[in-house]
Amino acid sequence: MGVEGVEPHLERPRDPSHGDWATNLAMTLAGRLRRAPRQIAEEIRDRFDLGAAGVASLDVAGPGFINFRLSGGAVAEGLAEIVGADVAWGRSDAGAGRPIVVEWVSANPTGPLHAGHGRQAALGDAVCTLLEWTGWSVHREFYYNDSGTQMERLADSVWARYQQLLGEEAEIPEGGYQGEYVKEIAADFRAEHGDGFRGRRDDEALDAMRRFAVAALRGVQDRDLAEFRVRFDHFFLESSLYDDGLVDQTVARLRETGLVFEEDGATWLRTTEFGDDKDRVMLRGNGTPTYFLPDVAYHVTKWERGFHDAINVQGADHHGTVARVRAGLQALGLPEGYPEYVLHQMVRVERDGQEVKFSKRAGSYTTLRDLVDAVGVDVTRYFFLMRKAEGHLVFDLDAALDRSDKNPVYKVQYAHARMHSIFAKAGVDPGSIDPAEADLERLVDSHERELIQRLVEFPEVITRAADGRAPHLLCDYLEHTAGAVNAWYHAGNPGRNPELAVLVDDAPLRAARLVLARAVMIVLRNGLTLLGLTAPTRMERADDTP
RNA sequence: GCGCCCGUAGCUCAGCUGGAUAGAGCGUCGGCCUCCGGAGCCGAAGGUCAGAGGUUCGAAUCCUCUCGGGCGCACCA
């Protein structure tokens, strides 16, 4: 038609009456060809070879859309592919095995993980899994500060509680940690070390308490994360950067750039050279490094360890550090935009419409453990993942406690379990299903068509969620797919519409529907496990509560 | 004051990177099922996409400004 270099863009119409696929090709061409979009669309339609592409019909609609309707055979192919791929359905190799480091949680050992950490734990983990499913070689890392002023305050806090246990007058200092857990640590410390530190406020005493507290709190965090099904390949200690001389080395390298200067007694880096708002102090007046320096040194190790792709998942309250860290890295020759950041907003926990702040353990904030104890790991993870990271998240405990289909987690899990119960009732092993033995063109009901389309779309959803670092897209997909599954299932209520039931008397039709049920099972299970949730084969009856 | 994020149904949120009549869950209302209740099923109402300009065949989506909310702006981390 006299145009070149055009990439037709196919999309899935929202409205099923618009066919299985649609393209806006004619409209995008209208400007270049100086002709009416509909006229172009009609010409394309007339030139199209239907049979060769597995297309049953092709219509021009609206302002110039071309709508495709697939032939039954092409639809059936999709189902066969799903069942054939099974646990691999949804995986792709776009990442080509390239290494990428994802850093997240990175909580300092100063207290139990709170709800915000929980959101980040779930988010980072899901991003990692999405990357793995799209072919990346993912390294999971947790960075934490085990020295510095926060640790001193922690030691001071334990010291004060310890003295109080011995009946001495002592107070937690300004900026110290008031939570109940500090008392427990002090008591455990006393049980192990005795009363010998009574009144002793020397380096030996504080050091012992700091080390004890860090070990205890790391233990608590590890336990909570493990129970939350989040694991890491490596815990990176800030102190190791000093021990290994990497902080000094970073100072030396930065000095070579000529971007370092002295002012007001401190040593600065001209980060404004790379778009930062202001220049940053790297060495204080007393010669000690600011947080900025080890942070840069740490990210240099990521690069030098071979991770030329890196993602940091952080709370949005830390977004101020992004520009300065990147600037420091650019000064050392690393590329602009390294590392990539995924920032998430805060979490607000609500019950009865009121914010819940109290925690027995932590006092002024709700912990991850509080949530898991209240509603379980599956629900907690899903609730953290179902909202896009950059928006605020209201964790509604009432909604989370709901055990019915209204709770999106159970809605998806119910749909999965339902497929299993169908197979159980049929006395058929789901693993034995062979699409080649079924006449899939019998699946013509509108519920079935819509469902098949959704199932076929699964790999695209994963790709989009991975590319956008957006697990919520997968939650959204699963919830809507579960809705389509339930609609299909309910439409075939044997009491009302036995001809639409999966287990119809018509044996060939039943075989075809079992293939669809099997494909549903595969997609829901893969989606749930990808998000770190269980895919139960049966649901507990919620009749154990009065 | 400057920077980043957010603003979509009463509430909580999607909206596939610019497409067709803006969707879902909860809540509300109506009907059905049912052993009281809870739950379940079907359906309905509900919108100035914060506001105003702009870009173009087309804007919730991209650009500018305004308003409103959150978070940052350390020789803390």
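Lettering of chains follows the sequences in order, A, B, ..., and the numbering in each one begins at 1.
- Across A74(B), U12(B), A14(B), the shortest atom-to-atom separation from the side chain of Val394(A) is found for U12(B).
- OP1 or OP2 of G27(B) lies within a sub-4.0 Å distance of a side-chain N or O belonging to Lys406(A).
- Contact annotation: side chain of His490(A) to base of G40(B), donor-acceptor pair absent below 3.5 Å.
- A straight line from NE2 of His318(A) to P of C71(B) spans 14 Å, rounded to a whole angstrom.
- Not a single donor-acceptor pair, N or O on each side, falls under 3.5 Å between the base of A39(B) and the side chain of Asp402(A).
- Residue Ser404(A) places at least one side-chain N or O under 4.0 Å from the OP1 or OP2 atom of G40(B).
- Along RNA chain B, the nucleotide closest to Asp476(A) and the one closest to Gly391(A) are compared, and the more 5′ of them pairs with Gly391(A).
- In plain terms, the two heavy atoms of Tyr338(A) and Leu329(A) that are nearest each other are O-CD1, 3.5 Å.
- Atom P of nucleotide G3(B) and atom CZ of Arg280(A) are separated by 15 Å, given to the nearest angstrom.
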Quick one: the dot-bracket string of RNA chain B, using Watson-Crick and G-U wobble pairs with both distances under 3.5 Å, [ ] for crossing pairs and | for bases paired to another strand.
-> (((((((..((((.....[...)))).(((((.......))))).....(((((..]....))))))))))))....

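- The distance between atom CZ of Arg326(A) and atom P of G3(B), rounded to the nearest whole Å, is 18 Å.
- Contact annotation: His472(A) side-chain N/O to G15(B) OP1/OP2 distance is under 4.0 Å.
- If you check every strand for non-hydrogen atoms under 4.0 Å, Leu473(A) touches sugar and phosphate atoms only.
- Atom pair Asp405(A):CG and C41(B):P shows a separation of 6 Å (rounding to whole Å applied).
- Phe395(A) has its ring centre less than 6.0 Å from the ring centre of Phe384(A).
- Below the 3.5 angstrom threshold, one finds a donor paired with an acceptor across the side chain of Asn24(A) and the base of G19(B).
- Residue-to-nucleotide proximity on RNA chain B shows that, of Glu238(A) and His319(A), the 5′-proximal contact is made by His319(A).
- Minimum interatomic distance between Thr110(A) and Leu217(A) (heavy atoms only, all atoms of both residues): C-CD1, 3.7 Å.
- Atoms CD (Glu479(A)) and P (A24(B)) sit 12 Å apart, rounded to a whole Å.
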Does the side-chain hydrogen bond (donor to acceptor under 3.5 Å, both in side chains) test come out yes or no for Asp370(A) and His114(A), once each step is laid out?
-> CA-CA 9 Å; Asp370(A) 290 333; His114(A) 54 66; over 6 Å; no

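- Checked against a 6.0 Å centroid threshold, the rings of Tyr298(A) and Phe236(A) count as neighbours.
- Considering only side-chain atoms of Arg324(A), the nucleotide from G72(B), A77(B), C75(B) that sits closest is A77(B).
- In this structure, the CG atom of Leu474(A) is 15 Å from the P atom of A14(B), given to the nearest Å.
- With rounding to whole Å, Leu401(A) atom CG is found 21 Å from G25(B) atom P.
- Rounded to whole Å, atom P of A24(B) lies 15 Å from atom CZ of Arg387(A).
- At the phosphate of A14(B), OP1 or OP2 sits under 4.0 Å from a side-chain N or O atom of Lys388(A).
- Relative to the ring axis of Tyr144(A), Arg218(A) places its NZ or CZ within 45° and under 6.0 Å from the centre.
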